[in-house]
Amino acid sequence: MVEFDAFAGGIVIGGLRNMLEIKILVCYTLSSVNMPITRNQLCDSLQQTGLVNYFDANTAIDELLESESVFEKEADGVKYLEVASKGRNSARELENTLLPGVRERAVKAAIGIAKRARFEKENNAVINKTENGYDVVLEIEDAGVKYFTLTLNVPDVLQAEQLRDGFLNDPGKIYSTVIDSLIN
């Protein structure tokens, strides 16, 4: 029988309440996500799925850092988590203790949050209040060259935020949809 040594608060049915399982999930997720991810992004993604409580995710990461199963790497002034070979091997050996649905949800959420952070860093989405409502300025820029700029006016801030968020979730999709619509 599995011993529960983690908090149940904020955890959905089927979520993890055993610290060993949480550590395995952290290592498995870091092994599976092929992009930089910060500690906060990882904790947010695990909490977002309802699989792990925020405090337990942080505790698991602290313990993994201490045991050198996970390490921090800095790039552009931001600290990212990476799994060490020790953590990767443990996750590979023990991943079958986690249900496939748990693994898939955690990895999908982590990839989504990491991609969103990259899109926010690489693209611009600004909301400006005007006398006619709100202008939402969406820009795709690379190496100082603006490839795409679109300004939309909406009546309220809620719609403006929805447009900004939709753009930042997948700017490439918006760009290709506009190009396809104009060409066809």
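- Under a 4.0 Å N-O distance rule, the pair K86/E68 does not qualify as a salt bridge.
- At a threshold of 4.5 Å between non-hydrogen side-chain atoms, the residues L81 and E72 count as touching.
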Quiz prompt | Test side chain to side chain contact (heavy atoms under 4.5 Å, CB included) applied to I140 and K146, step by step | solution = CA-CA 6 Å; I140 296 176; K146 288 184 184 177; over 6 Å; no
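- Summarising the geometry, atom CD belonging to Q41 is positioned 11.5 Å from atom CD belonging to Q48; distances are rounded to the nearest 0.5 Å.
- Not a single donor-acceptor pair under 3.5 Å links the side chain of R164 to the backbone N or O of A125.
- The main-chain N or O of N58 is found under 3.5 Å from a side-chain atom of R39 such that the two form a donor-acceptor pair.
- Partners of Y175 by ring pair (Phe, Tyr, Trp, His ring centres under 6.0 Å), not counting sequence neighbours, listed by chain and number: F148.
- In summary, the side chains of D135 and N153 do present a donor paired with an acceptor at a separation below 3.5 Å, with no hydrogens or angles considered.
- Of all non-hydrogen atoms in I22 and A57, the two that sit nearest each other are CG2-CA, 4.4 Å.
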Quiz item: How far apart are the C-alpha atoms of Y134 and N128, what are their side-chain angles, what is the distance that settles it, and do they pass the side chain to side chain contact (heavy atoms under 4.5 Å, CB included) test?
Solution: CA-CA 6 Å; Y134 294 85; N128 299 315; over 6 Å; no
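- The two atoms that bring V26 and A60 nearest to each other are CG2-CB, 4.4 Å, heavy atoms only.
- With sequence neighbours excluded, no residue forms a ring pair (Phe, Tyr, Trp, His ring centres under 6.0 Å) with F71.
- With hydrogens and angles disregarded, no donor-acceptor distance shorter than 3.5 Å links the side chain of D170 to the backbone of G166.
- Once rounded to the nearest 0.5 Å, the distance linking CG of L42 with CD of Q47 reads 11.5 Å.
- The 12-atom threshold is exceeded at CG of D156, counting heavy atoms of other residues, nucleotides or ligands nearer than 6.0 Å.
- Between the side chain of N89 and the main chain of S85, a donor-acceptor pair closer than 3.5 Å is present.
- With respect to the salt-bridge test (charged N to carboxylate O, under 4.0 angstrom), the residues K73 and E82 qualify.
- Here L138 contributes atom CG and N124 contributes atom CG; the two are 9.5 Å apart, rounded to the nearest 0.5 Å.
- Between N18 and L20, the shortest heavy-atom contact is OD1-N, 3.0 Å.
- Heavy-atom neighbours of E74 CD from other residues, nucleotides or ligands within 6.0 Å: above the threshold of 12.
- Here the CD atom belonging to Q159 is positioned 11.0 Å from the CD1 atom belonging to I127, to the nearest 0.5 angstrom.
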